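Take a look at the structure below.
No hydrogens, no waters, no symmetry mates; every other heavy atom, side chains included, goes into these values. Remember, it's a predicted structure, so these values are computed and weren't measured experimentally.
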Amino acid sequence: MPANELDPNKWVDKYSDYLFNYTIVRVNDREVANDLISETFLAALKSAKYFKGEASERTWLISILKRKIIDYYRKINSRKGKAEVRVNYTDDYNEGEWLEEQVPDQFDRTAEDEMENNELGLAILECLDSINEKHASIFKRKTIDGADTETICNEFNITPSNLWVIIHRARTALAACLEKNWF
Amino acid sequence: MRKLFFIDCSKAAECCNKSQYKEAKPLDKMKLFLHLTFCQACRKFSSKNSKLTEAIKKSKIQSCSEEQKQAWREQIKKEFAEDNV
């Protein structure tokens, strides 16, 4: 029996936030991100029979998503015509030299920070995966969506003191998990 | 008098959690600070807790909308059912 099995009906609850945060920093557009994730789910269902169970479900979904993101950039690139490299050689000081036009460096420090923070976000979501499902969703509503205590209590039909106990457990588990995997 | 100002560790933890969401009452916060001055375990918890809040803030995690999730769920359910006919 393979170590990991697929359970498509749980994909959205388990991985959609993870996939979304992975995508959003790479395409920077919510709608595009959502479309890419839809395509990923469809492609995953189609190729589910090829899943060998060697990787975890999430790793496997991410590998499909990566291809979708690359395809997306290929498509918009070919729509523009090929990527252009402009050259100018009539610079006062470097006359005759063919210099590529200066391109802003996309990988400057802020971009790197951004990427690292995104990875931190993914690590947090990964840790949330390993705690009690209900606790995780209550924690997400409270911490990530910033929903009111009262709203969440109504949604999950719990009392405020239940909520704070759940938040406490979730935070403790999460802190321990991050301590192990990140800090 | 003691009861008025001194709280136990579980109350302190609760207050600490609430203050991560800026929902602790000023008086409770004061009691928490007092508690932290003599309780090392809670000091440790409190610093970890703030670190977690900081990390979450820094990571800028977003969640996708519930409508979008529902649309995906239905999409998967439909495709999955078709594949298994």
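- Two residues are said to be in side-chain contact when any heavy atoms from C-beta on lie closer than 4.5 Å; A:D17 and A:L128 fail this criterion.
- Side-chain atoms of A:W11 and A:L45, non-hydrogen and from C-beta on, do get closer than 4.5 Å to each other.
- Using a cut-off of 4.0 Å between Lys/Arg side-chain N and Asp/Glu carboxylate O, B:K11 and B:D8 are scored as not salt-bridged.
- For a residue to count as touching a neighbouring chain, one of its non-hydrogen atoms must lie under 4.5 Å from one of that chain's; by this rule A:S161 does not touch chain B.
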Point to revise | Stepwise salt bridge (Lys or Arg N to Asp or Glu O under 4.0 Å) check, A:K14 with A:E133 | key: CA-CA 9 Å; A:K14 284 174 93 171; A:E133 230 171 272; over 6 Å; no
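- Using non-hydrogen atoms only and a strict 4.5 Å limit, the part of residues 25-47 of chain B facing chain A consists of B:F45.
- A donor-acceptor pair under 3.5 Å is absent between the side-chain atoms of B:S19 and the main chain of B:K22, judged by distance alone.
- Minimum interatomic distance between A:V25 and A:Y22 (heavy atoms only, all atoms of both residues): CG2-O, 3.6 Å.
- Ionic pairing of A:K142 and A:D148 is not present here: no N-O contact between side-chain nitrogen and carboxylate oxygen is shorter than 4.0 angstrom.
- In this structure, the portions of A:N34 lying under 4.5 Å from any heavy atom of chain B include both its backbone and its side chain.
- Per-residue heavy-atom pair counts under 4.5 Å with chain A were compared for B:S59, B:A13, B:C16, and the maximum is reached by B:S59.
- Using a 4.0 Å cut-off between charged nitrogen and carboxylate oxygen, B:E74 and B:K69 do not count as a salt-bridge pair.
- Between chain A and the residues B:K58, B:K57, B:K60, B:K48, the largest count of heavy-atom pairs under 4.5 Å involves B:K58.
- In terms of non-hydrogen atom pairs under 4.5 Å with chain A, the most contact-rich of B:E14, B:Q70, B:Q20 is B:Q20.
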